[in-house]
K.L.:
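Have a look at this one.
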Amino acid sequence: MSRAALLILADGRFPAGGHAHSGGAEAAVKAGRVTGAPSLEDFCRGRLHTTGLVSAGLAAAAALGADGRAALDEAVDAHTRSLALRTAARKLGRQLLRAGRATWPSPELDALARAFPKGAHQPVVLGTTARAAGLGPADAAYCAAYETVSGPATAVVRLLGLDPFEATAVLARLGADLDEVAAAAVRAAHRVPEEGLHALPAASAPLLEIGGEAHAAWPVRLFAS
Amino acid sequence: MHLDHDHTHSDAAAVSADAHRPDGRRRALRIGLGGPVGSGKTATVAALCRALRDELSLAVVTNDIYTREDAEFLLREAVLPPERITAVETGACPHTAIRDDISANLEAVEDLEDEVGPLDLILVESGGDNLTATFSRGLVDAQVFVIDVAGGDDIPRKGGPGVTTADLLIVNKTDLARYVGSDLARMAADAKAQRGELPVVFQSLRSEEHVAPVADWVRARYAAWAAAAA
């Protein structure tokens, strides 16, 4: 397992399309729920323990190499009520798959691209990419969990003109939460072979889904989601 | 050269600027148009579509910064059927989407080829940006940089990657030069100093047939692209 590969995959500059998405932050800013560093921290903590936990579980399960990547993908569809968020997750999955295949060529990634020419859900692709990079389920879970907070934090720097040092300090303060979420995700993923996909976390964040639907209908916006 | 290498591990979506589609057919030529806000990129795209649509199978990808204005302008002007125009959202960073992280744009061009292809030419229009914004060679085969005389006649002298390295530099809105005090001869001399032998076109689209020199440049690019396939 290569620590360097983890840095490459987790780097915000990894060219997988994330820069165009705010992770719900743009809708939350418009609604007045995120106005500065303290409310950004609340938003991120909430997203981490819901969307982040679910994504981390899926990524860890995919990284363990479970045959059922199609079933994992279906589980995301079943879990995500918002069509706008499902669409965004598939779009990001497709973009990550392109970057992953170019970076760590692997038959498993090629097979995933064949099965999902228009994109599998991003956490499933993330776990499979981590595996192709020689990483394990914990690495995949950390990447998935971290992305669910790093995306909104950088988006809010652009949306509010928030001090970038404050935004980065918010991420640092979420460190213990990230550890907790990643550990729970990995434990759940290890139970999948015995218990099936029901072992994976299924927390939901209704306000994120409502905000995602509203945001998709805006005529003017900075971010795609 | 990098555009013609064979990729060996792929049988689904292409992963980079391969000259062939996954099914082995040659893909469309991709030309990028970049430049500052308001310099006339969309007007140039519209004029090119009208000039070339009867001889080439065309499509357009726009990269709007925070709206669908450019795509909607092209739709309203009916320069192409709507299914041939796609808008990419760039998350407040147009240069990122055409240079550092080109995945959304690659998807857009591939989807256009899947849905309305076969295509000969795809024009990829950047959102208005700054003088350093250039396209990745992984996204386009050639790039055009569009500036205008009203943005200041010192822009060619200032240079920067767009002015200096673009395959074609367009200096637009020459009809405004006398109103804004821009010296076209000085702009031409500065551009020549920055660009050496790379071509520069001065144009005014007050009359749309004046896009002809740029359309001819595109035709020559396409002819070379098609000849390389033979």
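By convention in this document, chain letters (A, B, ...) are assigned in the order of the sequence lines, proteins followed by strands, and residues within each chain are numbered from 1.
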K.L.:
CZ of Arg98(A) to CD of Glu110(B): how many Å apart, nearest 0.5 Å?
P.N.:
4.0 Å
K.L.:
Going from CG on Asp111(B) to NZ on Lys118(A), what distance comes out if it is rounded to the nearest 0.5 angstrom?
P.N.:
3.5 Å
K.L.:
Could you look at Ala16(A) and say if it's the side chain, the backbone, both or neither that has a heavy atom under 4.5 Å from chain B?
P.N.:
backbone
K.L.:
Check whether Ala99(A) gets within reach of chain B through its side chain, its backbone, both or neither, counting any heavy atom under 4.5 Å.
P.N.:
neither
K.L.:
Is a salt bridge present between Lys91(A) and Glu89(B), judged by a nitrogen-to-oxygen distance below 4.0 Å?
P.N.:
no
K.L.:
Taking only distance into account, with no hydrogens and no angle test, what donor-acceptor pairs under 3.5 Å do side-chain atoms of residues 144-157 of chain A form with protein atoms, sequence neighbours excluded?
P.N.:
unit_1: Glu147(A); atom_1: OE1; unit_2: Gln122(A); atom_2: NE2; d: 2.9
unit_1: Thr148(A); atom_1: OG1; unit_2: Ala145(A); atom_2: O; d: 2.6
unit_1: Ser150(A); atom_1: OG; unit_2: Tyr146(A); atom_2: O; d: 3.2
unit_1: Thr154(A); atom_1: OG1; unit_2: Ser150(A); atom_2: O; d: 3.1
unit_1: Thr154(A); atom_1: OG1; unit_2: Gly151(A); atom_2: O; d: 3.1

K.L.:
Distance check, rounded to the nearest 0.5 Å: Asp64(B) atom CG versus Arg221(A) atom CZ?
P.N.:
11.0 Å
K.L.:
Can you establish whether the number of heavy atoms outside Arg173(A) located under 6.0 Å from its atom CZ is more than 12?
P.N.:
yes
K.L.:
Who in residues 96-104 of chain B is close to chain A, using a strict under-4.5 Å heavy-atom cut-off?
P.N.:
Thr96(B), Ala97(B), Asp100(B), Asp101(B), Ser103(B), Ala104(B)
